[in-house]
Participant: 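Okay, here's the structure, questions in a sec.
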Amino acid sequence: KDGKPGYINSLGEYVFDYMYPSYNSIKIVVRDSKFGIVDVYGNIIADCQYDYISSFKNNIAKCIKDEKFGLITSLGYEIITPSYTWITSFNENGIAITQEGVKYGAINLDGKKLLPPIYDKVIFSERYIYAYTKDMVGLYAFSGECVIVPKYNKISEHSHFIHAYISTDRDKNYNKTETDNIIDIYNHNGDIIISNIDYNTEYKALSSTLFCCKKDDSWVIYKEGHQ
């Protein structure tokens with residue numbers, strides 16, 4: 001058409017400008033710069049109305065319409081109507097970061113809102129979602145369940161426990177100083193093991209349930225938060 005290659009149906013009618021490779025018996029197609037979805041027989045699943053449709057993952061793809069991001073299934077059903085400013089690619093745990101205006105949240109592959117778009121920044125670790133608001137940060141599981149509420153200035157993960165810092169004197173990188181950081185220590189279930197440790201206090205984990213802390217030249221052992 002107009003000197004450009006395209007696709008026709010069995011009646012010789014021009015139907016699409018381009019077809020992407022098949023995914024589970026469906027194809028993403030383009031006509032007049034708009035994206036849609038058809039089955040392998042050319043039957044329309046989703047009209048060519050989108051500005052873009054990404055490749056599918058677990059039968060879910062990102063779609064863009066009028067500069068807004070949403071999610072569409074391989075059956076053509078919008079599980080999230082295009083309404084977000086941005087949706088990232090899904091990570092290996094099936095979680096994506098969303099942006100609405102200048103705020104961020106998180107969703108899973110089912111379109112479930114794990115975190116509402118109310119945070120200043122959202123990032124992933126291998127185990128958690130970190131949610132930042134102003135200068136506070138909290139931890140959420142990939143299910144969306146809150147592990148540590150956003151009330152700390154910095155959180156760091158370790159094999160058996162989590163450090164949560166409340167900083168009273170810090171530079172922009174939250175580096176420790178002699179007067180910096182009151183520390184709460186949590187296990188990975190979100191249970192507090194020991195709280196209000198001063199920065200200069202010596203402490204270490206013995207296991208996932210045992211923790212020791214030095215007080216007055218003696219070591220005190222805590223088990224599940226109890227001395």
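Note that the coordinates shown come from a computational prediction; the quantities given were computed from them, not determined experimentally. Numbers for residues simply follow the sequence, beginning at 1. What you see below is based on every heavy atom in this structure, not just the backbone, and it leaves out hydrogens, waters and symmetry mates.
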Participant: Rounded to the nearest 0.5 Å, what's the gap from CD1 on I162 to OG on S156? Could you check?
Facilitator: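 So the gap between those two atoms works out to 9.0 Å.
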Participant: Is the ring centre of Y23 less than 6.0 Å from the ring centre of F56?
Facilitator: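 Yes: the rings meet the under 6.0 Å criterion.
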Participant: State, yes or no, whether a side-chain contact exists between P150 and V137 at a heavy-atom distance under 4.5 Å.
Facilitator: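 They are not in contact (no side-chain heavy atoms under 4.5 Å apart), so the answer is no.
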Participant: Is the shortest heavy-atom distance from the side chain of I95 to the side chain of L114 under 4.5 Å?
Facilitator: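 The answer is yes, as the side chains (C-beta and beyond) meet within the 4.5 Å cut-off.
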Participant: Would you please say whether a donor-acceptor pair under 3.5 Å links the side chains of E78 and Y50?
Facilitator: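 Yes - a donor-acceptor pair under 3.5 Å links their side chains.
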Participant: What about V149 and F161, same hydrophobic cluster or not, with Ile/Leu/Val/Met/Phe/Trp/Tyr joined at side-chain heavy-atom distances under 4.5 Å?
Facilitator: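 No: no chain of side-chain contacts under 4.5 Å links V149 to F161.
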Participant: Considering only heavy atoms from C-beta outward, does the side chain of Y140 approach that of L115 to under 4.5 Å?
Facilitator: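 Touching, per the 4.5 Å side-chain cut-off.
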Participant: Count I, L, V, M, F, W, Y as connected when their side-chain heavy atoms are under 4.5 Å apart, and connections chain through other members. Are Y20 and Y14 then in the same cluster?
Facilitator: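 In one cluster with Y20: Y14, no.
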Participant: Check whether the ring centres of F16 and Y18 lie less than 6.0 Å apart, and answer yes or no.
Facilitator: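 Between Y18 and F16, which both carry aromatic rings, the centre distance is not below 6.0 Å.
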Participant: Could you check whether any side-chain N or O of N9 sits under 3.5 Å from a backbone N or O of L11, counting only pairs where one atom can act as donor and the other as acceptor?
Facilitator: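 Side chain of N9 to backbone of L11: a pair is present.
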Participant: Going by atom types alone, do E157 and Y130 pair a side-chain donor with an acceptor below 3.5 Å?
Facilitator: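 Side chains of E157 and Y130: pair found under 3.5 Å.
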Participant: List the steps and the verdict of side-chain contact (heavy atoms from CB on, under 4.5 Å) for I37 and I44.
Facilitator: CA-CA 6 Å; I37 305 170; I44 302 294; over 6 Å; no
Participant: Side chains of N59 and T73: does their closest heavy-atom pair fall under 4.5 Å?
Facilitator: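 They are not in side-chain contact.
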Participant: Taking S25's backbone N and O only, do any of them form a donor-acceptor pair with S22's side chain (distance below 3.5 Å, no angle check)?
Facilitator: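 It does not hold such a pair.
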Participant: Hey, does the Lys NZ or Arg CZ of K154 hover above the aromatic six-ring of Y165, less than 6.0 Å from the centre and inside 45° of the axis?
Facilitator: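 Cation-pi check for K154 and Y165: passes.
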Participant: Working to the nearest 0.5 angstrom, can you tell me the gap between D51 CG and C63 SG?
Facilitator: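 Going from the CG atom of D51 to the SG atom of C63 covers 10.0 Å.
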Participant: Would you say the side-chain atoms of N187 pair up with the backbone N or O of N189, donor to acceptor, closer than 3.5 Å?
Facilitator: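 Pair found, side chain donor or acceptor close to backbone of N189.
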Participant: Could you check whether K121 makes a cation-pi contact with Y132, meaning its NZ or CZ is under 6.0 Å from the centre of the six-membered ring and within 45° of the ring axis?
Facilitator: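 Judged by the rule, K121 and Y132 form a cation-pi pair.
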Participant: Look at the side-chain heavy atoms of Ile, Leu, Val, Met, Phe, Trp and Tyr, link any pair under 4.5 Å apart, and say whether I45 and I53 land in one connected group.
Facilitator: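 Yes: a chain of side-chain contacts under 4.5 Å links I45 to I53.
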Participant: Under the 3.5 angstrom rule, does the side chain of D184 hit a backbone N or O of N196 as a donor-acceptor pair?
Facilitator: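 Answer holds: yes.
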Participant: For the backbone of A141 and the side chain of R127, can you confirm whether one donor and one acceptor N or O come within less than 3.5 Å of each other?
Facilitator: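 No, because the side chain of R127 does not come within donor-acceptor range (under 3.5 Å) of the backbone of A141.
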Participant: Is a side-chain N or O of S54 found less than 3.5 angstrom from the main chain of A61, in a donor-acceptor match?
Facilitator: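 Checking the backbone N and O of A61 against the side chain of S54, no donor-acceptor pair under 3.5 Å is found.
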Participant: Hey, mind stepping through V38 and N43 against side-chain contact (heavy atoms from CB on, under 4.5 Å) and telling me if it holds?
Facilitator: CA-CA 5 Å; V38 299; N43 298 311; over 6 Å; no
Participant: Do the side chains of W86 and F90 join up, straight or via other hydrophobic residues, at under 4.5 Å, putting them in one cluster?
Facilitator: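 Yes, same cluster.
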Participant: Show your reasoning for whether side-chain contact (heavy atoms from CB on, under 4.5 Å) applies to I87 and I97.
Facilitator: CA-CA 6 Å; I87 298 176; I97 296 170; over 6 Å; no
Participant: Can you tell me if H163 uses its side chain to pair, donor with acceptor, with the backbone of H158 under 3.5 Å?
Facilitator: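 A pair under 3.5 Å: no.
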Participant: Decide if atom NZ of K57 counts as having more than 12 heavy atoms of other residues, nucleotides or ligands within a radius under 6.0 Å.
Facilitator: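 Count over threshold, so yes.
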Participant: If you take all heavy atoms of I80 and S83, which pair is closest and at what distance?
Facilitator: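 Smallest interatomic distance, heavy atoms only, reads CG2-OG, 4.3 Å.
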Participant: With distance as the sole test, does T85 use its side chain to make a donor-acceptor pair with the main-chain N or O of G101 at under 3.5 Å?
Facilitator: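 A pair under 3.5 Å: yes.
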Participant: As a quick check of understanding, evaluate side-chain contact (heavy atoms from CB on, under 4.5 Å) for K62 and S89, giving each step before the final call.
Facilitator: CA-CA 8 Å; K62 290 187 290 185; S89 298; 4.0 Å; yes
Participant: If I take atom NZ from residue K34 and atom SG from residue C48, how far apart are they, to the nearest 0.5 angstrom?
Facilitator: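 Here the interatomic distance stands at 10.5 Å.
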Participant: Under 4.5 Å between side-chain heavy atoms, counting indirect links through other Ile/Leu/Val/Met/Phe/Trp/Tyr residues: same cluster for Y84 and I118 or not?
Facilitator: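 Looking at the clustering, I118 is in the same group as Y84.
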Participant: Could you tell me if the ring centre of Y119 sits under 6.0 Å from that of Y104?
Facilitator: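 For Y119 and Y104, the ring centres are not under 6.0 Å apart.
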Participant: To the closest 0.5 Å, what do you measure between OG (S143) and CG (N93)?
Facilitator: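 Those atoms lie 11.0 Å apart.
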Participant: Say whether, by atom type as modelled, one donor and one acceptor occur between the side chain of D39 and the main chain of I26 under 3.5 angstrom.
Facilitator: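 Judged by distance alone, no pair lies under 3.5 Å.
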Participant: Between atom NZ of K103 and atom OG1 of T98, what is the distance when rounded to the nearest 0.5 Å?
Facilitator: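 The OG1 atom of T98 is 13.0 Å from NZ of K103, to the nearest 0.5 Å.
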Participant: For V147, run the side-chain contact (heavy atoms from CB on, under 4.5 Å) check against I129, I155, L139 and tell me which one passes.
Facilitator: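 Exactly one pass, corresponding to L139.
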Participant: Working to the nearest 0.5 angstrom, can you tell me the gap between Y186 OH and I148 CD1?
Facilitator: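 Between atom OH of Y186 and atom CD1 of I148 there are 5.5 Å.
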Participant: Do any N or O atoms from the side chain of N108 and from the backbone of D110 form a donor-acceptor pair under 3.5 angstrom?
Facilitator: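 Yes; judged by distance alone, with no hydrogens or angles, the pair exists.
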Participant: What's the shortest heavy-atom distance between E100 and P117, and which atoms?
Facilitator: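 Shortest heavy-atom contact: OE1-CG, 3.4 Å.
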